[in-house]
Student: 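Got a structure here, written out as structure tokens. Questions coming.
No experiment lies behind these values; they were computed from the predicted model shown. Labels below follow one simple rule: chain letters A, B, ... track the order of the sequence lines, proteins then strands, and each chain is numbered from 1.
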2 protein chains.
Amino acid sequence: MPVTKSTKLKREGAGPRSGTRLPERRQGVTLADVARLAEVSEITVSRILRNHGPAAPATRDRVLAAVRETGYVPNRLAGGLASSGSQLVGVIVPSLTNIVFPEVLGGIRAALDGSGFQAVIGVSDYDLAIEEELVASLLAWRPEAMVIAGFDHTPAARAMLEGSGVRIAEIMEIDSTPIDLAVGHSHVQAGFDTGQYLLGRGYRRFGYVGHDWNADRRARLRHDGLVAALASAGLSLVTTQRTEGPSSVAAGREQLAALLAQGPKPDVVVFSNDDMATGGVFHCMAAGLVPPRDLALFGFNGLDIGQALPTPLSTMRSNRFLTGRTAVEMLLAQRTRPPQPQVIDTGYEILPGATA
Amino acid sequence: MPVTKSTKLKREGAGPRSGTRLPERRQGVTLADVARLAEVSEITVSRILRNHGPAAPATRDRVLAAVRETGYVPNRLAGGLASSGSQLVGVIVPSLTNIVFPEVLGGIRAALDGSGFQAVIGVSDYDLAIEEELVASLLAWRPEAMVIAGFDHTPAARAMLEGSGVRIAEIMEIDSTPIDLAVGHSHVQAGFDTGQYLLGRGYRRFGYVGHDWNADRRARLRHDGLVAALASAGLSLVTTQRTEGPSSVAAGREQLAALLAQGPKPDVVVFSNDDMATGGVFHCMAAGLVPPRDLALFGFNGLDIGQALPTPLSTMRSNRFLTGRTAVEMLLAQRTRPPQPQVIDTGYEILPGATA
DNA sequence: CGCTTCTATGTTAGCGCTGTCATAGTGCGG
DNA sequence: CCGCACTATGACAGCGCTAACATAGAAGCG
């Protein structure tokens, strides 16, 4: 066999590269370098590294040795371009500091595990303009699929998503019609069920403590569902308190204090989520109020922190991990969009706890 | 206005080789399509889209209109390949569910904002083998820089990082010599200072509650620093409790209960971090112990949750956001590795709180 | 023993974009 | 008017890799 077959132009020159001998781990080792060292063609190296197509054990060993010796790291940009497939899944979430999103990402990573795909994460900070930029930016990497939290997108972002042709999962809610696939649960229904549950427990004077509705539209949907449940019993919220900022334990504490300092006294307060509700529990502790005797509290999400409280929080658990995993599993199982948008309900359950 | 304009020109000639004229990629507007529509060359479109080189206003308008009409999204794989620059920064963190890492990512994103660079995040789950895979995988995208938490890497991962030639920031600790740049603070010193501080407050019978040291080596460094401070006062830990699992509020609660149920009674317990310490506070609340009167508690990190507690946690605040931001700023400011490894201390401060 | 079927490897032709150098057009001073 | 410095645009050659199509032996087979 022809040993020194230089298919392409040989790159001679006083550059930082040296002969094909010493294992000098340098940036700029290419397939051609490995192929030359192993005395095979580039495509053979490529095939062996990807476990694609047949290969003689002896050749394989020689190639792998050459890879090790040169410290070769494949260039995915080139690989993706050549095969028009990036092995990437784009993910856009509004936040990473709200623990529910890292949990979703955990599910996504679990589904991706062993698939050879990798997630590229974008964080929109609850800002649709940033989300639009992220959509463009991630689409530019030609992902095989996209996962994006929520249904709220700018028209441009929606157009890009639709026009991209890649499979799209809109997750965390199912109260609207998705572009392609929705995985999550109904927040309106969750809010409604919360109301029904608490009415069933005998509460009648409902208070609400929430955070920014513009950013967290899902929190508003739950609120609306709650109000609907109350309305169906001829009731309405007796008092409401809402911060313009994001949800946090500190905000929940402050907002409950503010709520109780003014206006009618509720017998139960529903919080926009567990972070806020945990803050509410802290306020009660500091103020000497014992839930649910003096005041009942109810959250949403079913976070670990709420369940580790001295008095476990009464709340509703959503399946974040399952949502992320299911979304990616469905996306990878069927690489083309179905004729009709699909919706998967990952559900939720009430955690009775001891605060309501 | 997602009007249904004939965005993607329908291409026929589905034959395997339809000359070099009409591209009939299933789905994908390319520069060539835009160029044809705008009646300019591809390079002109490329230059205008990148704001690179001169362009007549009329041409620019025509090109931008064509881009809009076709819904063109640049292919970054191709762009990166051609210019050998991906505009990517690889980031590897051990976890996203531990809030400190999203906070670091916040700092990284802040530094990246407006730079045109994008972060690609890998999560190692505190597993060095996974970290090694991630290093290879991220390096394959030819990032301009890498940020990685900690100094602990497999030999192979270290070799890849060193050999890649790209700038590397090892963050969150500075107790070892970095490959290139370290940004963070000394955990040994933090542990030592914790000990000194508590000794100064009069505590003498120290207990320790921790979590998995194999995964979280930095927690161990703090422990070691604490022990050193005690030793310098002729003391040692009177009792220790450690879970094999990760840190969590629930684990902290259980471990403190276990610690108090057996062996000598401490007058202060130092926790491996704020999550664990918060669990400790919860245990005290449930057990009727009032800190610091009955038992003092001390954490690490300075998380919001600890400060929102009815009794704010005594702890040490580290600057996660600053660490992430500083690391990326330094990396981008100087694109080649300095002759000597650099170390930046982002420090910490004691939050007195009210539990110790 | 001619012919099909594998297996192992190579050759060719781009993937979509950008760096580099070349080429027209333009205003302007001398 | 010529040369000069620009400005605006284009032609061309790859970046590093892989799909698709060869090719050449080695079996398999009736």
Student: So, does A:Arg62 use its side chain to make a donor-acceptor pair with the main chain of A:Ala38 at under 3.5 Å?
Tutor: yes
Student: Quick test of your reading: applying side-chain hydrogen bond (donor to acceptor under 3.5 Å, both in side chains), list the pairs with at least one residue in residues 330-341 of chain A, sequence neighbours left out, ordered by first then second residue.
Tutor: A:Gln334-A:Thr336
Student: Indicate whether OP1 or OP2 belonging to C:dG10 is found under 4.0 Å from a side-chain N or O atom of A:Thr44.
Tutor: yes
Student: To the nearest Å, give me how far apart CG (A:Leu31) and C1' (D:dT18) are.
Tutor: 9 Å
Student: Rounded to whole angstrom units, what separation is found between the NE2 atom of A:His52 and the P atom of C:dA8?
Tutor: 15 Å
Student: Just to confirm, is there a sub-4.0 Å distance from OP1 or OP2 of D:dG10 to any side-chain nitrogen or oxygen of B:Ser41?
Tutor: yes
Student: Can you find a side chain N or O atom of B:Ser46 that sits less than 4.0 Å from OP1 or OP2 on C:dT18?
Tutor: yes
Student: Could you point out which residue of B:Arg76, B:Gln87, B:Arg109 forms a side-chain hydrogen bond (donor to acceptor under 3.5 Å, both in side chains) with B:Gln118?
Tutor: B:Arg76
Student: Looking at B:Arg47, does any N or O in its side chain come under 4.0 Å of the phosphate oxygens OP1/OP2 on D:dT9?
Tutor: no
Student: Atom OH of A:Tyr72 to atom C1' of D:dC17: distance rounded to whole Å?
Tutor: 7 Å
Student: Rounded to the nearest Å, what distance is computed from the CG atom of residue A:Leu81 to the P atom of nucleotide D:dG16?
Tutor: 12 Å
Student: How many Å lie between CH2 on A:Trp141 and C1' on C:dC17, as a whole number?
Tutor: 13 Å
Student: For A:Asp180 and A:Val166, which heavy atoms make the closest approach, and how far apart are they?
Tutor: OD2-O, 4.5 Å
Student: Specify the separation, in whole Å, of atom CG of B:Leu77 and atom P of C:dC17.
Tutor: 10 Å
Student: C:dG16 C1' sits how many Å from B:Leu49 CG, rounded?
Tutor: 13 Å
Student: Of the candidate nucleotides C:dT7, C:dT18, C:dT11, which contains the atom at the shortest distance from the side chain of A:Ile43?
Tutor: C:dT11
Student: Find the distance A:Asp33:CG to D:dG16:C1' and express it as a whole number of Å.
Tutor: 11 Å
Student: Can you tell if the side chain of B:Met172 reaches within under 4.5 Å of the side chain of B:Val93, non-hydrogen atoms only?
Tutor: no
Student: Heavy-atom nearest nucleotide on DNA chain D for B:Ala78 versus B:Val40: which residue maps closer to 5'?
Tutor: B:Val40
Student: Which is true for A:Arg76 with a 4.0 Å heavy-atom rule: it touches a base, it touches only sugar-phosphate, or it touches nothing?
Tutor: nothing
Student: Would you mind classifying the nucleic acid contact of B:Ser84 as base, sugar-phosphate or nothing, using non-hydrogen atoms under 4.0 angstrom?
Tutor: nothing
Student: Would you say that B:Leu161 contacts B:Met146 through its side chain, given a criterion of any heavy-atom pair below 4.5 Å between the two side chains?
Tutor: yes
Student: Donor-acceptor pair under 3.5 Å: do we get one between A:Arg142's side chain and the base of C:dG16?
Tutor: no
Student: Look at the side-chain N and O atoms of A:Thr59 and state whether any lies under 4.0 Å from the OP1 or OP2 oxygen of C:dT9.
Tutor: yes
Student: Find which nucleotide of DNA chain D each of B:Ala55 and B:Ser83 is nearest to by heavy atoms, and output the residue with the more 5' nucleotide.
Tutor: B:Ala55
Student: Counting side-chain heavy atoms from CB outward, which of D:dG16, D:dT7, C:dC17 is closest to B:Pro54?
Tutor: D:dT7
Student: Any side-chain N or O of A:Arg50 under 4.0 Å from OP1/OP2 of D:dA19?
Tutor: yes
